[in-house]
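Here is the structure we will look at, set down as structure tokens.
The first residue of the sequence shown is numbered 1, and numbering continues consecutively from there.
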Amino acid sequence: MERILKSPNVTGWLLAAPLTLVLAAFLVLPIVMIVIVSFWTATDFSIVPAFSWENYAFLFGSEVTYRVFLNTFKYAAITWAVTLVLGFTVAYFLAFHVRSQTWQTALFLLCTIPFWTSNIIRMISWIPFLGRNGIANSTLISLGVIDEPLEWLLFSDFSVILAFVHLYTLFMVVPIFNTMMRIDRSLLEAASDAGASGFQTLWNVILPLTRPGIMIGSIFVITLVMGDFITVRFMSGSQAANVGRLISNDIALLQYPSASATAVVLLATVLLTIGILLRLVDIRKEL
């Protein structure tokens, strides 16, 4: 028995057992329950635990579902593109233009200051800034840039995406910055000695070596945006919807089977998206 316990394989399983149990209890089991409930039916007064395809048939048979999913993909794609540009730029500046490690740390911590407050507070803070009589419109009118307030600044797709970018850009900055800091600086010197311009070095050396960080940041941003519903609700003035809003509305109406079915489809969509991203870059191999 003692020899068995000292076996490397057994020791490994024993060390992994506590975390495995935690993941099974708080991740796998809830997902399994959501999948099971998604096949139940609901009436105005009760939930019937009987197998049925009714929820999925209604979900895929409704034109609203496709419009909402398309809206969700639109928010995720635009937010991803903007956060990628901003995140890469900030990470590049910190990694290659700030020479002092002290200043790198200080500036990186400066980027995290918004995270010292709640997401909801940071999101709502845009409302008085973008409102019809807000700071942005008042400033533009006083400068003579516009004659009347811009209506599309608030309660629009613009305000939703702006809030998403504000909330989630740091999730792109961190993995890209971490990957850039691991790049061997001698490779940059070799590229320069070979006559490569700054753009050529960026495109042919830095960008390929930063792909794992970009993919990790992309996974964070896309999954967070696709699952977010409170930002869409507040920043669109309830005039737009995403899949999270559908789930939230079903839960508010106590339609748990319908909400579970939508959640399962959303989960499958997110996993498929992540699978495609991981096919582009083998993160485990390149890290």
Would you say Ile216 and Met181 are hydrophobically clustered, going by side-chain heavy atoms of ILVMFWY under 4.5 Å?
-> yes

Tabulate below the donor-acceptor pairs under 3.5 Å that side-chain atoms of residues 165-172 make, not counting sequence neighbours, or state none.
from: His166; atom 1: ND1; to: Trp126; atom 2: NE1; distance (Å): 2.8
from: Tyr168; atom 1: OH; to: Asp228; atom 2: OD2; distance (Å): 2.7
from: Thr169; atom 1: OG1; to: Val165; atom 2: O; distance (Å): 2.4

Is it true that a side-chain atom of Thr201 and a backbone atom of Leu188 form a donor plus acceptor pair closer than 3.5 Å?
-> no

Arg233 CZ: over 12 foreign heavy atoms closer than 6.0 Å = no

Work out which heavy atom in Met235 is nearest to a heavy atom in Leu154; give both atom names and the distance.
-> CE-CD1, 4.2 Å

Asp157 and Tyr75, any side-chain heavy atoms less than 4.5 Å apart | yes

Does the Ser125 side chain pair with the main chain of Arg122, one donor and one acceptor, at a distance under 3.5 Å?
-> yes

Less than 4.5 Å apart, any side-chain heavy atom of Leu207 and any of Ile214?
-> yes

Check: Leu130 and Phe155 side chains under 4.5 Å, non-hydrogen atoms | no

Could you tell me whether a side-chain N or O of Asp184 sits under 3.5 Å from a main-chain N or O of Leu187, the two making a donor and an acceptor?
-> no

Who pairs with Arg67 by salt bridge (charged side-chain N to carboxylate O under 4.0 Å, His left out), at least two apart in sequence or on another chain?
-> Glu63

One should read off an interatomic distance between Leu94 CG and Thr105 OG1, to the nearest 0.5 angstrom, of 9.5 Å

Between CZ on residue Phe177 and CZ on residue Phe88, distance to nearest 0.5 Å | 13.5 Å

Applying the 4.5 Å side-chain criterion to the ILVMFWY set and letting contacts propagate, would Val145 and Trp152 be lumped into a single cluster?
-> yes

Does Phe129 reach the side chain of Leu153, with side-chain heavy atoms less than 4.5 Å apart?
-> no

So which heavy atom on Arg185 is nearest to which on Ala95, and how close?
-> NH2-O, 3.1 Å

Please tell me if the side chains of Phe229 and Leu246 come closer than 4.5 Å, counting only heavy atoms from C-beta onward.
-> no

Scan for side-chain hydrogen bond (donor to acceptor under 3.5 Å, both in side chains) pairs involving residues 216-227, sequence neighbours excluded, and state none if there are none.
-> Trp80-Ser218

Quick one: closest heavy-atom pair of Thr231 and Phe164, and the distance?
-> CB-CE2, 3.7 Å

Between Val205 and Ala191 the two heavy atoms that sit nearest each other are CG2-CB, 4.1 Å

Are Ile222 and Leu70 connected in the hydrophobic side-chain network, where two residues link if heavy atoms are under 4.5 Å apart?
-> no

Counting N and O atoms only, with roles assigned by atom type, does the side chain of Gln200 sit under 3.5 Å from a partner on the main chain of Ser197, one being a donor and the other an acceptor?
-> yes

Any sub-3.5 Å donor-acceptor pair from Thr89's side-chain atoms to Val85's backbone N or O?
-> yes

Just wondering, are more than 12 heavy atoms of other shown residues or ligands nearer than 6.0 Å to CZ in Phe58?
-> no

Report whether Met33 and Leu21 are members of the same hydrophobic cluster (ILVMFWY, side-chain heavy atoms less than 4.5 Å apart, transitive linking).
-> no

Can you say whether the rings of Trp203 and Phe199 are parallel (under 30°), tilted (30 to 60°) or perpendicular (over 60°)?
-> parallel

So the side-chain hydrogen bond (donor to acceptor under 3.5 Å, both in side chains) pairs with at least one residue in residues 17-41 (sequence neighbours excluded) are Ser38-Tyr56

Using the ring of each side chain (for Trp, its six-membered ring), is Phe39 parallel, tilted or perpendicular to Trp53, with breaks at 30° and 60°?
-> perpendicular

Give the minimum heavy-atom separation between Ala24 and Pro30, together with the two atoms involved.
-> O-CD, 4.5 Å

Extract all donor-acceptor atom pairs below 3.5 Å that involve side chains of residues 262-275 and protein atoms in other chains or at least two apart in sequence.
from: Thr262; atom 1: OG1; to: Ser258; atom 2: O; distance (Å): 3.0
from: Thr269; atom 1: OG1; to: Val265; atom 2: O; distance (Å): 2.7
from: Thr273; atom 1: OG1; to: Thr269; atom 2: O; distance (Å): 2.9

Do Leu143 and Ile141 belong together in a cluster built from hydrophobic side chains that touch within less than 4.5 Å?
-> yes

Output all residues satisfying salt bridge (charged side-chain N to carboxylate O under 4.0 Å, His left out) with Asp250, sequence neighbours left out; order by chain, then residue number.
-> none

So, the side chain of Ser159 versus the backbone of Ser156: is there a donor-acceptor pair under 3.5 Å, distance only?
-> yes

Please tell me if the side chains of Phe60 and Thr65 come closer than 4.5 Å, counting only heavy atoms from C-beta onward.
-> no

Pairwise distance OH(Tyr66) to CG(Leu59) - rounded to 0.5 angstrom = 8.0 Å

Just wondering, are more than 12 heavy atoms of other shown residues or ligands nearer than 6.0 Å to CZ in Phe220?
-> no

Would the number of heavy atoms belonging to other residues, nucleotides or ligands and lying under 6.0 Å from CZ of Phe26 be above 12?
-> no

Give a yes or no on whether the backbone of Asn133 and the side-chain of Asn137 come within a donor-acceptor separation of less than 3.5 Å.
-> no

For the residue pair Ile206 and Met180, what are the closest heavy atoms and their distance?
-> CG2-CE, 4.2 Å

Would you indicate whether the side-chain heavy atoms of Asn242 and Val225 approach each other to under 4.5 Å?
-> no

What's the spacing between Leu140 CG and Ile146 CD1 if we round to 0.5 Å?
-> 4.5 Å

Main-chain N/O of Thr139 paired to Ser142 side chain as donor or acceptor, under 3.5 Å = yes

